[in-house]
Peer 1: 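Before anything else, here's the structure in question.
Numbers restart at 1 for each chain; the letters A, B, ... are given by sequence-line order, proteins then strands. When reading the values below, keep in mind they use all heavy atoms of this one structure, side chains included, and skip hydrogens, waters and symmetry mates. Predicted model, so just to flag it, every value in this text is computed and none were measured.
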Amino acid sequence: MDLEHAWSAALRTLARTLWQIEIEGTLLEPPTDPRFGDFTCNAPMRLAKQLRKPPRAIAEELARAVRNAGFPRLAKVEVAGAGFVNFTAGPEFLQEELARILSEGARYGRSTMGGGRKVLVEHCSANPTGPLHIAHGRQAAVGDSLAHILDFAGYRVEREFYINDTGNQIEMLGKSILWRLSDAAEPPDENCYRGDYIKDIAAELRASGRTDLEGAKRLGVERLLREIKRDLEDFRVSYDTWTSEDSLHKSGKVDEVLNFFNSWGLTYPKDGATYLKTTDHGDVEDKPLVKADGTFVYRLPDMAYHRDKYARGHEILIDLWGPDHHAHIATMKAGMKALNFNLVPMAEVRSASTAVPEQRPVAFEVLLIQYCRLLRGGVEQKMSKRAASYVTLRELMEEVGVDAARFFFAMRKPSAHLDFDLDVAKQQSKDNPYYYAGYAHARVCNITVKGLEDKKIAPADVTDGVWRGAYDASRIGPDEAALLKVARQFQRHLEIAARDLDPAFVAEYLRELSGAYQSYYELGKPDPGKKVLCDDEPTRRTRLAVSAAVQQVLRNGFALLGLHAPEKM
RNA sequence: GCCCCCGUAGCUCAACAGGAUAGAGCACCGGAUUUCUAAUCCGGUGGUUGCUGGUUCAAGUCCAGCCGGGGGUACCA
């Protein structure tokens, strides 16, 4: 446990003994101004009403108790402003943090906030009816980053892709392939897929000799799914499970759900279709489950699918959908409630062991990943799926690279529209946040290379290109301390990202940390005595240690977003 | 009509469970380099946080109502 957590726990204990209360929420925060010390606590103001005392009086009481309790590593505690209690830690605080970063390495920043709860992150789940395009790219980038973040935050994460390998759209895929097999200039159905890839599949189908609709559908799904998997793999997006909709039908799980609804009188016939009373659970209107022709509407297998997720023991179900699924959220929740799901907010899911199995609470969080606009030369690139003139994920990867693409997709709040400026993403300058952050990392790597060349670093102190020598922590100066203070915020940002299901906090943090290191590095320009590779050996070693720590934290952050940390630029 | 997202510096965006003086980058102006890689850094100009009320010791943040922009609203998925 680090100092911040230790102090937080101690403060909660003090509150219990002083006022017999439990303080909820965050207790210690980074102050807005370095003059306010290392941590600030605004609890006195929040407690004023409850305790019926002025905030300043509460703050004084708390500060006195802190002094008497003898908090470890505490240098100073004082009351300020309207009722803040500001804490300043002794130098050991950052010394220990530095040691922790270097010893924990790739694990530094990991949190236990998830408490091992089982989370299923289902994302992308594109229909195998065509190649992935950039909207899928954003979903995949956000989903995969989120999975990394939740894993790092202490959840047990499973990443899943749901394959819509049956139903109307697959029917259309089959027809499209058969159409391309014929001489017809126009498709038999206006919803047919017109992309050139259909022609390739048609050609392959012809070669196979099986030219019926079933054969076309099967080959189409198989081919396109393979393509999707390859795109995702190259985009560094990985999955633990691939669940097929068709398999849900074949196992009877879909019929089971329909029977459940029917037998409990939750459905009724209308115009030949079967409707579920979703308005009983908050939907704006009842929704059909079975069409008049007897086939299922996609939402029915979807409900069966989510029931299956639950049955597999997941406690938090996270779905990433496109914004066109907006209305589906209320319907799905209604369906799940009709299936007797005990839906609760994510923060309220407790460990499964404490709950009765049948009423085990489960969180269902849908993230609508907004579309993005592609800009080139400041002009929006219009996309039209019908004319098959949309930009594929593959094209994007080839044009701007996986790293820049993933950083761009991750850096904006997923629910907000994103302008993806292709020119900026390709630029190798400060404008491009990926290159900016990467440059800081590359600079640390380069210092090590340069140090070895100039014999300022002994080869024995370098492992895999990373400096791992001994250092004197007491030589940490103000500039190094400022850097370490930013570095230790990593876990905080990770936890916020996990709580809000938003990787943008990590992206934003990477900019902050890399910027801090750039500034630190530049100190050596006008004043060579401030270079990392300075002449004084003990100082040099300490600066190398601090640089290696920043390098490590940058790497950990990059990994959360699925990015490579460049070693040379 | 109903639902969701967004209105913060000229532009693109931050602001971490409501907290101390609303911050970055771009652009503009002025500086730093015979480089531990300038793909960089430092300083400056620039704000009635769309509007009006409300809650609160405290509101960019929460609530209500407007105004403006985007998206969604199938027996497609």
Peer 1: With RNA chain B as reference, determine whether R443(A) or N86(A) sits nearer its 5' end, using the nearest nucleotide of each.
Peer 2: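 That would be N86(A).
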
Peer 1: Looking at the base of A39(B), is there any donor atom on it, or on the side chain of Y439(A), that sits under 3.5 Å from an acceptor on the other one?
Peer 2: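 Such a pair does not exist between side chain and base.
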
Peer 1: For G70(B) and G54(B), measure between their C1' atoms and round to the nearest Å.
Peer 2: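 Those two atoms are separated by 29 Å.
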
Peer 1: Below the 4.0 Å mark, does C42(B) have OP1 or OP2 next to a side-chain nitrogen or oxygen of K525(A)?
Peer 2: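 Result: no.
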
Peer 1: With centres under 5.5 Å and planes under 30°, do Y436(A) and A39(B) count as stacked?
Peer 2: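 A stacking contact does not exist, since Y436(A) is not both close and nearly parallel to the base ring of A39(B).
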
Peer 1: Once you measure the plane-to-plane angle for H249(A) and F296(A), does it fall in the parallel (<30°), tilted (30-60°) or perpendicular (>60°) bin?
Peer 2: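 If you compare the ring of H249(A) with that of F296(A), the planes turn out parallel.
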
Peer 1: Per the atom types in the model, does the base of U21(B) pair as donor or acceptor with the side chain of R35(A) at under 3.5 Å?
Peer 2: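 It does, because a donor-acceptor pair links the side chain of R35(A) to the base of U21(B) below 3.5 Å.
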
Peer 1: How is D324(A) classified with respect to the nucleic acid when contacts are heavy atoms under 4.0 Å: base, sugar-phosphate, or nothing?
Peer 2: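 Answer is base: heavy atoms of D324(A) come under 4.0 Å of a base.
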
Peer 1: Hey, is the side chain of K413(A) poking within less than 4.0 Å of OP1 or OP2 on A14(B), counting only N and O atoms?
Peer 2: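 Indeed not, no polar side-chain atom of K413(A) lies that close.
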
Peer 1: Measure distances between side-chain N and O atoms of H417(A) and base N and O atoms of C5(B), and say whether any donor-acceptor pair falls under 3.5 Å.
Peer 2: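 No pair found.
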
Peer 1: Mind checking D293(A) for me? I need base, sugar-phosphate or nothing, with any heavy atom below 4.0 Å counting as a touch.
Peer 2: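 Counting heavy atoms under 4.0 Å across all strands, no contact is made by D293(A).
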
Peer 1: Identify which nucleotide among A20(B), C16(B), G70(B) has an atom closest to any side-chain atom of F505(A), counting heavy atoms from C-beta outward.
Peer 2: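 Within the option list, the nearest is C16(B).
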
Peer 1: Does P288(A) reach a base, just sugar-phosphate, or nothing at all? Heavy atoms under 4.0 Å.
Peer 2: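 Sugar-phosphate only.
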
Peer 1: Tell me what A273(A) touches on the nucleic acid: a base, only sugar-phosphate, or nothing, going by heavy atoms under 4.0 Å.
Peer 2: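 Answer is base: heavy atoms of A273(A) come under 4.0 Å of a base.
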
Peer 1: Which value, in whole Å, describes the distance between the P atoms of nucleotides C11(B) and G50(B)?
Peer 2: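 Straight-line distance between the two P atoms is 13 Å.
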
Peer 1: Do the side-chain N or O atoms of S519(A) get closer than 4.0 angstrom to the phosphate oxygens (OP1, OP2) of C42(B)?
Peer 2: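 For C42(B), OP1/OP2 do have a side-chain N/O of S519(A) under 4.0 Å.
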
Peer 1: Does the salt bridge (charged side-chain N to carboxylate O under 4.0 Å, His left out) test come out yes or no for D283(A) and K333(A), once each step is laid out?
Peer 2: CA-CA 8 Å; D283(A) 204 357; K333(A) 286 189 173 168; over 6 Å; no

Peer 1: Closer than 4.0 Å, any side-chain N/O of K530(A) to the OP1 or OP2 of C41(B)?
Peer 2: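 False: K530(A) side-chain N/O out of range (4.0 Å or more) of C41(B) OP1/OP2.
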
Peer 1: Using purine N1 to pyrimidine N3 plus N6-O4 or O6-N4 for Watson-Crick, or N1-O2 and O6-N3 for G-U wobble, both under 3.5 Å, which nucleotide pairs with U48(B)?
Peer 2: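 With both distances under 3.5 Å required, U48(B) matches none.
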
Peer 1: Heavy-atom count check: over 12 atoms from other residues, nucleotides or ligands less than 6.0 Å from K76(A) NZ?
Peer 2: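 No - once you tally the heavy atoms of other residues, nucleotides and ligands closer than 6.0 Å, there are 12 at most.
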
Peer 1: Need one value for T40(A): base, sugar-phosphate or nothing, where a base atom within 4.0 Å counts as base even if backbone is also close, heavy atoms only.
Peer 2: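 Result for T40(A) = base.
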
Peer 1: Answer with base, sugar-phosphate or nothing: what part of the nucleic acid does A416(A) contact at a heavy-atom distance below 4.0 Å?
Peer 2: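 It contacts sugar-phosphate atoms only.
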
Peer 1: Once you apply the 3.5 Å cut-off to both distances, tell me the Watson-Crick or G-U wobble partner of A14(B), or none.
Peer 2: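 Its partner is none (no Watson-Crick or G-U wobble pair with both distances under 3.5 Å).
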
Peer 1: Pick the C1' atom in U49(B) and in A59(B), then give their distance to the nearest Å.
Peer 2: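 Comparing C1' positions in U49(B) and A59(B) gives a spacing of 11 Å.
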
Peer 1: Quick one: label H493(A) by what it contacts on the DNA or RNA (base, sugar-phosphate, nothing), any heavy atom closer than 4.0 Å.
Peer 2: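 Result for H493(A) = nothing.
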
Peer 1: Expressed in whole Å, how much space separates the P atoms belonging to G25(B) and U52(B)?
Peer 2: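 31 Å, rounded to whole Å.
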
Peer 1: Which part of the nucleic acid, if any, lies within contact of N42(A), taking any heavy atom under 4.0 Å across all strands shown: a base, the sugar-phosphate backbone alone, or nothing?
Peer 2: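 If one applies the 4.0 Å heavy-atom cut-off, N42(A) turns out to touch a base.
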
Peer 1: Using the rule for Phe, Tyr, His and the six-membered ring of Trp, do Y371(A) and G71(B) stack at under 5.5 Å and under 30°?
Peer 2: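 The base of G71(B) is not stacked with Y371(A) (the test needs centres under 5.5 Å and planes under 30°).
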
Peer 1: What does K53(A) touch in the nucleic acid at a heavy-atom separation under 4.0 angstrom: a base, only the sugar-phosphate, or nothing?
Peer 2: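 Nothing: the residue K53(A), judged by heavy atoms under 4.0 Å, touches no strand.
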
Peer 1: Tell me whether the side-chain N or O atoms of Q169(A) pair up with the base of C76(B) as donor and acceptor below 3.5 Å, since no angle test is needed here.
Peer 2: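 Under the 3.5 Å cut-off, the side chain and the base do form a donor-acceptor pair.
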
Peer 1: Go nucleotide by nucleotide along RNA chain B from the 5' end; which of L533(A) and R499(A) gets its closest nucleotide reached first?
Peer 2: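 Whichever sits nearer the 5' end wins; that is R499(A).
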
Peer 1: In the structure shown, which nucleotide is the Watson-Crick or G-U wobble counterpart of U21(B), with both distances under 3.5 Å?
Peer 2: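 Pairing partner, where one exists within any strand: none, as none qualifies.
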
Peer 1: Less than 4.0 angstrom between a side-chain N/O of R511(A) and OP1 or OP2 of G25(B), yes or no?
Peer 2: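 For R511(A), the contact criterion (side-chain N or O under 4.0 Å from OP1 or OP2 of G25(B)) is not met.
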
